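A short worksheet on the structure shown next.
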Amino acid sequence: MNSDTNFTIDLQEICIFIPTLNECNTIAGLIDDFHSLGFSNILVVDGHSKDGTASIAKEKGATVIMQTGKGKGQAIIQAFEIIEQEYIIMIDGDGTYLANDVHLLIEAMESGAGHVIGDRLANPAKGALTPLNFIGNKILNKLFGFAYGEWLTDILSGYRGFTRDTISQLVLTQEGFEIETEITVECVKNEIDIKIVPITYLPRAKGAITKLNPMADGFKIGRIIIKMARNNNPLFYFSLMGGMTVLIGIIIGIYVVNEWLKGITHNLLAMLTTLIIISGIQMFVFAIMGDLIVSLHRETMRYVKKLK
Ligand SMILES: Nc1nc2c(ncn2[C@@H]2O[C@H](COP(=O)(O)OP(=O)(O)OP(=O)(O)O)[C@@H](O)[C@H]2O)c(=O)[nH]1
Ligand SMILES: [Mg+2]
């Protein structure tokens, strides 16, 4: 951070929050870096690390609490309940993000953002992302764009900024790595001003093991993007379901017609095909009705917010 950068936000009003699970290689350096930049409120929520991460963080002067449940998401939910500062910077403890980039997030909040996302994909160092992780992230960002109409570039980033007001509006339930997706959906739903800032992304330190399973967690994240769209963007959700149902109907229909051309009649299957296609078309009607209901609800919420 530039020493000549003058924040209007008092650093005492900022909490640096780090969720950790077995990050003994990197946690000390990260805390030192934030201290040297002038931050004193550093909170580590540890998932009962077996490698001494919690005691290292304590020695380095951070406030350390043990999480009461399991998973990164649960640690974040717990932290959001106890943090008292007006601004929260959340950063992974695996040394892949730079404390030095924090000014980018703070400046974005100073200019009015309720939520800031550090975009890792803008500038990843060589080896920071495996090809699978890079492609997986790109696909999930695009899926998110289709589902919510917000074309954000890195919904899964682990370096983010929040105002207290934003946190108070988020309803969070996901205990695992789906939490970043849920945070982003909740921000979009509550029409919070989201800003994206490009940050540096480094490879994990040698010997530090990732807790993320790219395939299993990737699928869970994709599923949550689609599932949460049911309430937030029914047009997308029910159109997708309707489209898939109609497609299944058409595939069975092609088989039925093909067989009929050969002189074999499948009466029951023909009826089933019609039923499936009609159900699919009905889902498009749900989609339009759901969209109307959500639009009305948003308008009412905007009015309620204005009254507050
Ligand atoms: N408190 C807590 N922290 C966790 C838990 N799982 C992961 N973390 C921390 O959350 C941060 C992100 O975890 P990573 O394993 O780096 O996951 P990732 O950054 O999505 O995956 P990589 O790209 O492989 O690094 C790290 O600081 C972890 O130590 C958990 O169950 N509890
Ligand atoms: Mg990581």
Side-chain angles (χ1 to χ4, degrees), residues 16-31 33-34 42-58 60 62-83 88-99 101 117-141 154-160 172 174-184 199-222 224:
I16 306 293
F17 158 52
I18 316 171
T20 58
L21 179 61
N22 299 326
E23 303 294 2
C24 70
N25 295 319
T26 46
I27 191 65
L30 190 62
I31 295 172
D33 287 349
F34 276 108
I42 302 177
L43 172 69
V44 170
V45 179
D46 188 62
H48 302 271
S49 296
K50 301 254 186 306
D51 64 354
T53 298
S55 44
I56 298 171
K58 236 179 246 167
K60 284 289 168 186
T63 303
V64 180
I65 61 165
M66 289 298 164
Q67 75 177 97
T68 50
K70 275 199 167 144
K72 183 184 181 187
Q74 193 278 329
I76 292 174
I77 294 170
Q78 192 176 334
F80 284 177
E81 279 166 8
I82 58 166
I83 293 172
I88 296 133
I89 298 287
M90 181 174 97
I91 181 167
D92 286 353
D94 60 356
T96 51
Y97 299 94
L98 293 176
D101 281 344
I117 303 177
D119 182 357
R120 299 166 300 165
L121 307 179
N123 194 19
K126 200 164 173 268
L129 285 151
T130 62
L132 178 66
N133 279 2
F134 185 74
I135 293 166
N137 271 282
K138 287 277 179 193
I139 292 173
L140 292 169
N141 283 313
D154 191 9
I155 60 159
L156 302 177
S157 174
Y159 203 176
R160 313 169 85 109
L172 301 176
Q174 297 299 317
E175 301 199 332
F177 283 106
E178 299 94 317
I179 190 76
E180 279 98 357
T181 309
E182 192 178 42
I183 288 174
T184 319
I199 51 157
T200 303
Y201 192 55
L202 303 171
R204 265 182 162 271
K206 277 208 176 77
I209 300 161
T210 177
K211 285 97 213 169
L212 181 92
N213 179 331
M215 287 305 279
D217 287 312
F219 275 113
K220 280 190 204 161
I221 290 164
I224 202 84

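Atoms within a ligand are numbered from 1 in the order they appear, just like the ligands themselves. In this text the structure is predicted, and so the values were computed from the model without any measurement. One-based numbering along the sequence shown.
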Among protein heavy atoms, which lies nearest [atom], and at what distance?
atom	value
atom 24 (O) of ligand 1	T210 OG1, 2.6 Å
atom 18 (P) of ligand 1	L212 CB, 4.3 Å
atom 9 (C) of ligand 1	P19 O, 3.5 Å

Check your understanding: Which option, F177, Y201, Y159, owns the non-hydrogen atom nearest atom 13 (O) of ligand 1?
Key -> F177

Check your understanding: Who's closest to atom 1 (N) of ligand 1 heavy-atom-wise, of M66, R204, Q67?
Key ->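 Looking at heavy atoms only, Q67 sits closest to atom 1 (N) of ligand 1.
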
Practice item. Rounded to the nearest 0.5 Å, what's the gap from CG on L21 to CG on D51? Could you check? Key: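 Rounded to the nearest 0.5 Å, the CG-CG separation comes out at 8.0 Å.
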
So, [X] and [Y]: side-chain donor and acceptor under 3.5 Å apart, yes or no?
X	Y	result
N25	R204	no
Q67	Q78	no
T53	D46	no

For the residue pair [X] and [Y], establish whether any side-chain heavy-atom pair is separated by less than 4.5 Å.
X	Y	result
L98	D33	no
F17	I83	yes
E182	I179	yes

What atoms of ligand 1 come within less than 4.0 Å of a heavy atom belonging to [X]?
X	value
G71	30 (C), 31 (O), 32 (N)
D46	1 (N)
D94	16 (O), 19 (O), 25 (O), 27 (O)
V45	1 (N)
D92	11 (C), 12 (C), 19 (O), 27 (O)

Is there at least one pair of N or O atoms, one from [X] and one from ligand 1, spaced under 3.5 Å apart?
X	result
T96	no
K211	yes
I209	no
L21	yes
E23	yes

Study note, to complete from the structure: Nearest heavy-atom contact between I155 and L140 is CD1-O, 4.1 Å

Practice item. Might you point out which heavy atoms bring I27 and A57 nearest each other, and give the distance in Å? Key: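 Result for this residue pair: CG1-CB, 4.2 Å.
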
Exercise for review: Please check if atom NZ in K211 has more than 12 non-hydrogen atoms from other residues, nucleotides or ligands closer than 6.0 Å.
Suggested key: yes

Check your understanding: Taking heavy atoms and a distance under 4.0 Å, where does I18 meet ligand 1: side chain, backbone, both or neither?
Key -> neither

Exercise for review: Step by step, work out the side-chain hydrogen bond (donor to acceptor under 3.5 Å, both in side chains) result for S157 and E180.
Suggested key: CA-CA 7 Å; S157 174; E180 279 98 357; over 6 Å; no

Review point. Is G158 near ligand 1, meaning one of its heavy atoms is under 4.0 Å from it?
Key: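 Distance cut 4.0 Å: G158 fails for ligand 1.
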
Revision key, fill the gap. Among the N/O/S atoms of D94, the Mg ion (ligand 2) lies closest to OD2

